Protein chains: 2
Amino acid sequence: MDQLLANIKIQVNDKIYVKDPETSALGRKIIGNSLIIMDEIGFDNFTFKKLGERIGSNESSIYRYFENKHKLLVYLSSWYWSWIEYKLVFATANIPDPLDKLSRALELVTENIEDDLSTEHIDESLLNKIIIAEFTKTFLTKEVDEENKEGFFLIYKRVINRLVDIVKVIDPEYPYAKSLISSIVEGALHQHYLKDHFKTITDCNDKVSPTDYYLDLVKRVLKH
Amino acid sequence: MDQLLANIKIQVNDKIYVKDPETSALGRKIIGNSLIIMDEIGFDNFTFKKLGERIGSNESSIYRYFENKHKLLVYLSSWYWSWIEYKLVFATANIPDPLDKLSRALELVTENIEDDLSTEHIDESLLNKIIIAEFTKTFLTKEVDEENKEGFFLIYKRVINRLVDIVKVIDPEYPYAKSLISSIVEGALHQHYLKDHFKTITDCNDKVSPTDYYLDLVKRVLKH
DNA sequence: CTTTTTTGATAGTAATACTATTACATTTGT
DNA sequence: ACAAATGTAATAGTATTACTATCAAAAAAG
């Protein structure tokens with residue numbers, strides 16, 4: 001799988017960027033360093049000027065790749081979910097037992113992520129931290145419906161529906177498969193955040209992970 | 001209850017504001033109209049200048065009440081959760097059966113909210129819409145830990161823990177009461193948002209509410 | 001080796017997010 | 001009743017943000 005990923009390009013909707021950042025050294029520098037700065041100062045304080053200073057490039061050069069920082073965040077999120085989907089498809093292929101399949105899939109979308117060394121310019125563990133703290137901001141905007149129509153969130157929705165399909169095999173009678181999965185995927189990010197910032201309203205900590213909580217939840221909810 | 005609320009002031013941590021907006025006509029205008037504008041253009045596009053123009057007041061006058069728009073949003077959220085807590089305490093008082101109690105409590109935190117006419121300057125249904133779209137932005141910031149220490153999120157955490165206490169009476173053996181409740185309260189807001197903007201990843205719609213989904217979930221998860 | 005594409009530097013604009021100062025209005029203590 | 005203290009509003013100004021336009025230099029492609 002590591003080998004494979006090195007040769008496969010994560011596809012991102014081309015309406016999200018002005019120029020594909022994967023096609024140049026500057027583009028890859030923009031992606032890699034935007035992760036570092038966003039992690040350091042957060043998305044709200046992040047500016048193209050600060051990014052430009054860090055990579056020794058001009059602000060205007062960055063605008064050649066992304067219209068604004070919102071689109072950059074949408075790009076990073078798309079890349080993230082595309083990468084998750086890729087891992088999901090491989091991790092669940094050839095697993096005959098659907099319950100087993102769901103567990104593997106849930107682990108993937110709820111676990112803490114370590115850097116996948118096969119992609120050079122992106123540190124996935126850093127990206128995961130940014131997704132936890134910033135992902136909801138990609139769609140909690142006034143432009144959400146237009147951007148949704150343009151397909152900005154397609155991969156995310158496809159990941160959710162892949163999990164929904166597995167749930168439907170396990171318990172075809174369960175009437176809330178979509179809500180269950182969408183609340184798990186979103187909720188896992190939230191529990192990771194609570195674990196770091198609001199310890200009094202979560203059971204997750206160093207020993208108990210969001211994955212533990214959700215695997216147990218699904219076992220209780222679905223008839224099998 | 002309606003009568004009572006008219007005489008009771010919702011208490012909000014005084015570190016959130018510069019001057020308590022409930023103490024003057026301008027303050028109440030700021031609160032009431034900020035809801036309308038935020039609903040119209042969203043938090044991200046909201047500015048004190050636009051608010052000032054709408055209420056026929058100067059930008060700088062608004063800064064006398066709130067340091068910045070983030071603090072205003074924190075204030076609105078605090079007010080919201082305080083109001084929810086108030087309703088929660090009343091709705092669950094004198095209900096002997098804990099399962100019944102939990103259902104009532106869950107209904108309150110997950111349902112669609114209509115305007116409570118007993119508070120004049122705040123339209124709760126509008127506030128609810130804003131909480132659905134903007135609440136996570138109050139804590140998904142780099143300042144979250146400091147602000148949490150200052151008690152900005154106390155009421156929210158208290159609401160969660162009130163529900164957790166009921167769960168613990170129902171099923172003392174269940175090991176994830178906090179995560180369950182925190183993910184329900186957050187998840188309900190999320191499901192409301194999905195219902196309006198991402199219909200393909202939720203089962204909630206005009207006929208099925210987030211409340212239905214979560215009442216069913218809790219029934220399946222807790223032993224009783 | 002020349003044309004096209006990409007990048008970088010400079011400059012500029014409009015909007016945002018404030019702060020400082022001052023004047024006017026209202027309340028309060030004696 | 002009236003001066004002092006406090007609250008409220010308006011004006012003006014600054015630094016930063018979020019861009020856009022232009023042009024020259026460098027790199028890559030044909």
Side-chain angles (χ1 to χ4, degrees), chain A residues 14-34 37-38 40-76 121 134 137-138 140-143 146-147, chain B residues 14-34 37-38 40-76 121 134 137-138 140-143 146-147:
Chain A
D14 61 15
K15 281 179 187 154
I16 295 171
Y17 49 73
V18 181
K19 176 182 155 69
D20 186 351
E22 302 260 9
T23 61
S24 78
L26 178 62
R28 289 184 292 271
K29 254 165 96 183
I30 288 172
I31 300 304
N33 286 279
S34 66
I37 303 182
M38 275 192 208
E40 270 174 32
I41 64 175
F43 178 72
D44 298 343
N45 301 315
F46 173 90
T47 67
F48 280 180
K49 192 170 192 177
K50 287 172 188 169
L51 175 59
E53 274 160 22
R54 171 164 196 122
I55 63 178
S57 255
N58 199 277
E59 201 187 348
S60 62
S61 303
I62 299 161
Y63 279 102
R64 290 223 177 74
Y65 288 85
F66 295 100
E67 265 178 63
N68 49 49
K69 68 174 181 172
H70 170 250
K71 289 273 177 77
L72 171 55
L73 185 62
V74 172
Y75 178 89
L76 295 174
H121 61 298
E134 321 287 3
K137 295 174 190 169
T138 61
L140 293 178
T141 68
K142 270 287 150 179
E143 298 77 33
E146 296 153 47
E147 295 191 346
Chain B
D14 60 15
K15 281 177 187 154
I16 295 171
Y17 48 73
V18 181
K19 177 183 157 66
D20 185 350
E22 302 260 9
T23 62
S24 77
L26 178 63
R28 289 184 292 271
K29 253 164 98 182
I30 289 172
I31 300 305
N33 287 278
S34 67
I37 303 183
M38 274 192 207
E40 269 174 32
I41 64 175
F43 178 72
D44 298 344
N45 301 316
F46 173 90
T47 68
F48 280 179
K49 194 170 190 177
K50 287 173 188 168
L51 175 59
E53 274 161 22
R54 172 166 195 118
I55 62 178
S57 254
N58 201 276
E59 202 186 349
S60 62
S61 304
I62 300 161
Y63 279 102
R64 288 236 172 65
Y65 290 85
F66 295 101
E67 264 180 63
N68 50 50
K69 69 173 181 172
H70 170 252
K71 289 273 177 78
L72 171 56
L73 185 62
V74 172
Y75 178 89
L76 295 174
H121 60 298
E134 321 287 3
K137 295 174 189 169
T138 62
L140 294 178
T141 68
K142 270 287 150 180
E143 297 77 32
E146 298 152 46
E147 295 190 346

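Per chain, numbering begins at 1; letters A, B, ... match sequence-line order. If you're wondering where the values come from, they're calculated on a predicted model, not measured in any experiment.
Looking at A:Ile55 and A:Leu26, their side chains come closer than 4.5 Å, going by heavy atoms from C-beta outward.
Within 4.0 Å (heavy atoms only), B:Phe66 reaches no atom of the nucleic acid at all.
The nearest pair of heavy atoms linking A:Asn33 to A:Arg54 is OD1-NE, 3.3 Å. Considering every non-hydrogen atom in both A:Thr138 and A:His70, the closest pair reads O-NE2, 3.3 Å.
Ring orientation note: the planes of B:Phe46 and B:Phe43 are close to parallel, at an angle under 30° on the 30°/60° scale.
A salt bridge links B:Asp44 with B:Lys137: at least one charged nitrogen is closer than 4.0 Å to a carboxylate oxygen.
The interatomic distance linking A:Ile62 (CD1) with C:dT6 (P) rounds to 17 Å, in whole Å. Put simply, NZ on B:Lys71 is 15 Å from P on C:dA17, counting in whole angstrom units. Computed from coordinates, the A:Asp20 CG to C:dT5 P distance equals 17 Å when rounded to whole Å. If you take CZ of B:Arg64 and P of C:dT22, they are 14 Å apart, rounded to a whole angstrom. In this structure, the NE2 atom of B:His70 is 13 Å from the P atom of C:dA17, given to the nearest Å. Rounded to an integer number of Å, the gap from A:Lys29 NZ to C:dT6 P is 17 Å.
Here B:Lys19 does not reach the OP1 or OP2 of D:dG7: none of its side-chain N or O atoms lies under 4.0 Å away.
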Completion exercise
Once base and sugar-phosphate atoms are separated, protein heavy atoms under 4.0 Å mark nucleotides 11-19 of chain D, 5' to 3', with B, S and - as B-----SBB

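With A:Leu72 as the partner, the side-chain contact (heavy atoms from CB on, under 4.5 Å) test is satisfied by one option alone out of A:Ile62, A:Ile16, A:Ile31: A:Ile31.
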